Protein chains: 2
Amino acid sequence: MSTIKDVAEKAGVSISTVSRTLTSSAPVMEETRQKVLEAVAELNYQPNTVARGLKVGRSKTLGLIIPNYQSLVFPDAIKGITDALDDFGYNLVLGDTYDNLEREEQLIEGLRMRMVDGLICSTATRTSTHLLQLKEEGFPVVLLLRHLNEDIDAVIADNYQGGFVGGNYLLNKGFTRIGFINGSLELDLYRQRYSGFQNALSAKGVEKDQRLMAHGHKGWQGGYYAMLKLLNQKPFPEAVFATSDPKAFGAIKAIHESGMQIPQDISVVGYDNLEFSQLINPPLTTIGQPFYDMGRMAAQKILELINRDNRKEAIVDKFPVELIERGSVREK
Amino acid sequence: MSTIKDVAEKAGVSISTVSRTLTSSAPVMEETRQKVLEAVAELNYQPNTVARGLKVGRSKTLGLIIPNYQSLVFPDAIKGITDALDDFGYNLVLGDTYDNLEREEQLIEGLRMRMVDGLICSTATRTSTHLLQLKEEGFPVVLLLRHLNEDIDAVIADNYQGGFVGGNYLLNKGFTRIGFINGSLELDLYRQRYSGFQNALSAKGVEKDQRLMAHGHKGWQGGYYAMLKLLNQKPFPEAVFATSDPKAFGAIKAIHESGMQIPQDISVVGYDNLEFSQLINPPLTTIGQPFYDMGRMAAQKILELINRDNRKEAIVDKFPVELIERGSVREK
DNA sequence: CTGAAAGCGCTTACAG
DNA sequence: CTGAAAGCGCTTACAG
């Protein structure tokens with residue numbers, strides 16, 4: 001690959017002049033400009049982003065940290081991020097943490113050694129104090145999907161609303177014995193969904209039954225085992241609200257294996273509107289989140305933080321969610 | 001963030017000495033070493049990878065190019081790649097092409113400006129001549145999942161075998177009118193699967209019926225519409241082999257919507273063994289590919305290419321596939 | 001064993 | 001408008 005030096009030689013000018021015509025950071029005589037551009041074209045010269053980054057203190061690279069690549073909520077969000085970044089010449093380097101704090105800290109260190117200009121993190125748990133520290137150092141961070149507190153910029157969905165809407169929907173269909181399969185309470189998003197659901201119940205005067213609350217470990221397996229437990233209750237719940245589509249899929253598997261039909265015997269509502277949720281039989285009624293838009297927004301925010309860091313107060317953007325009615329719930 | 005200069009000052013040595021103790025590129029007196037290490041610890045110094053990269057011509061960064069983030073075959077492969085890379089301090093920067101050649105070329109240019117040490121590409125189509133050019137320049141490239149020709153290192157699955165095994169399985173179950181829903185013939189992998197399937201048929205003396213061959217466009221929708229066509233045949237096929245799980249999901253949706261049962265009325269075999277395929281009802285019989293292992297292998301190969309570029313002949317690693325029997329095929 | 005110097009490929013004051 | 005010089009944060013011959 002040719003360097004700025006090669007171009008300067010071929011064009012018969014100094015490297016300063018080459019740099020100036022390429023960055024248009026200072027006026028260059030039209031004739032000189034042309035000579036330089038020709039040389040650039042002939043040599044197929046591409047400026048070295050790394051060298052430039054070292055000089056100007058901007059790498060034009062962002063870090064993205066997610067808990068794991070296998071989770072299906074991220075592809076759309078990543079797409080949103082990269083689409084927003086494309087216009088600005090930014091690249092994304094990524095890492096997954098498996099929700100391991102130590103690993104996450106190492107990852108962030110590695111990213112900073114690489115001079116990333118900012119970080120989009122989709123990993124915040126209650127223990128994520130290191131993120132606060134980054135922010136205090138003035139390092140641009142925005143949280144995506146997972147919320148920590150009001151001190152760090154974040155782009156999240158309205159999880160409380162999602163829990164409420166899902167619960168309310170089932171209530172309106174006439175159900176009162178509703179199973180609730182939740183995820184880890186380490187995550188604010190699950191606490192919010194839970195609280196929204198509870199409030200929907202109390203608003204309708206339905207008493208809370210602790211035995212109908214099940215904790216679903218990660219992935220569809222979590223939903224499967226949680227549902228198995230719920231099925232052991234007598235009488236078992238007439239409807240189930242799972243706080244992620246994979247958990248719903250697992251629950252559905254458990255229900256089918258028990259020889260029951262959805263929605264005839266049990267109704268189920270999921271959460272996420274994964275592409276897959278429309279493909280099962282019956283198609284899953286679920287709470288949809290605008291992952292793509294949230295990704296886009298996160299990218300925009302991080303660029304803002306990078307370009308004018310004067311802002312002090314963090315802003316948390318909360319996107320509305322949407323109930324998507326399909327075939328997994330019946331009228332009671 | 002502190003620099004090597006800060007460390008040198010604090011330790012009372014030259015920056016050369018700091019560099020040497022940190023890279024252990026030359027002997028340093030134990031006492032000096034300790035002083036340096038202390039200073040490093042106190043300042044929480046992290047060497048700047050970008051600066052180092054510029055000097056030594058290695059960025060410790062790899063590019064990964066895939067057609068799109070939404071495709072579900074990549075998460076496992078990416079996981080394999082990053083797991084293999086972790087031990088070597090390599091990071092991944094990624095891009096998606098939407099199978100757009102121009103965009104891919106731009107992406108690669110951008111990556112090279114960023115001095116990535118090598119590229120893992122999962123995008124090769126028949127038009128990917130630019131990849132050959134990279135390879136000729138001596139730039140490390142390995143193809144993943146998608147094959148181009150024997151001139152570039154690649155890690156792929158045995159797609160011919162997959163087509164053959166799937167076809168043969170259905171034949172052994174007693175079916176002869178088998179629909180085949182394929183993907184784009186721009187991709188070698190689909191040509192291979194098709195050819196494997198055809199050979200399974202001819203080996204059993206089953207005549208090829210062009211009307212049973214359907215082309216499925218991208219995603220589950222492709223499988224859905226292809227199946228709709230197949231369903232219009234009289235008599236319609238008694239079994240269907242879809243060359244991707246999403247296509248199979250779409251086909252299944254179409255079958256269900258026609259009021260038919262799987263496998264009672266039509267048997268179906270998918271391809272990929274996506275996590276999801278075990279969650280539908282009935283669970284999908286499919287051809288499994290070792291995505292994670294292939295990702296790992298691709299990472300290993302690219303590191304090899306980077307570290308000893310003496311090798312001239314390309315090596316194509318072909319991983320075996322596996323038929324995973326579940327509930328979507330009946331005995332005729 | 002250690003330091004001063006050169007240099008990776010750029011950008012950007014500083015002179016002219 | 002243009003060039004020579006300094007410098008981003010490192011590594012690595014070159015001297016000693």
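Letters A, B, ... are given to chains in the order of the sequence lines, protein chains preceding strands, and every chain is numbered from 1. Since this is a predicted model, take the numbers as computed values, not measurements.
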A:K79 and B:Y98: side chain donor to acceptor below 3.5 Å: yes
Identify, between B:G12 and B:A51, the residue whose nearest nucleotide on DNA chain C lies closer to the 5' end. B:G12
A:Q133, CD atom: more than 12 neighbouring heavy atoms under 6.0 Å: no
Categorize A:S19 for me: base, sugar-phosphate, or nothing, with a 4.0 angstrom heavy-atom threshold over every strand shown. base
Touch class at under 4.0 angstrom, heavy-atom based, for B:V50 against every strand present: nothing
First-last contacting nucleotides on DNA chain D - partner chain A, under 4.0 angstrom, heavy atom: D:dC1 to D:dG9
Under 4.0 Å, heavy atoms only, any strand: does B:T49 hit a base, just the sugar-phosphate, or nothing? nothing
Is a side-chain donor-acceptor pair under 3.5 Å present for B:Q34 with B:E30? yes
Going by an N to O cut-off under 4.0 Å, is there a salt bridge joining B:D188 and B:R191? yes
Does a donor on one side chain and an acceptor on the other come within less than 3.5 Å for A:T61 and B:R114? yes
Out of B:T17, B:V36, B:V18, which one pairs with B:V28 under the side-chain contact (heavy atoms from CB on, under 4.5 Å) rule? B:T17
Could you summarise the pairing of DNA chain C as dot-bracket text, marking Watson-Crick and G-U pairs under 3.5 Å with ( ) or [ ] inside the strand and | across strands? |||.||||||||.|||
Crowding at CD, B:E31 (>12 non-hydrogen neighbours, <6.0 Å): no
With DNA chain D as reference, determine whether B:N48 or A:I15 sits nearer its 5' end, using the nearest nucleotide of each. A:I15
List the residues meeting side chain to side chain donor-acceptor pair (under 3.5 Å) with A:D117, not counting sequence neighbours, and say none if there are none. A:S59, A:Y90
Touch class at under 4.0 angstrom, heavy-atom based, for B:S16 against every strand present: base
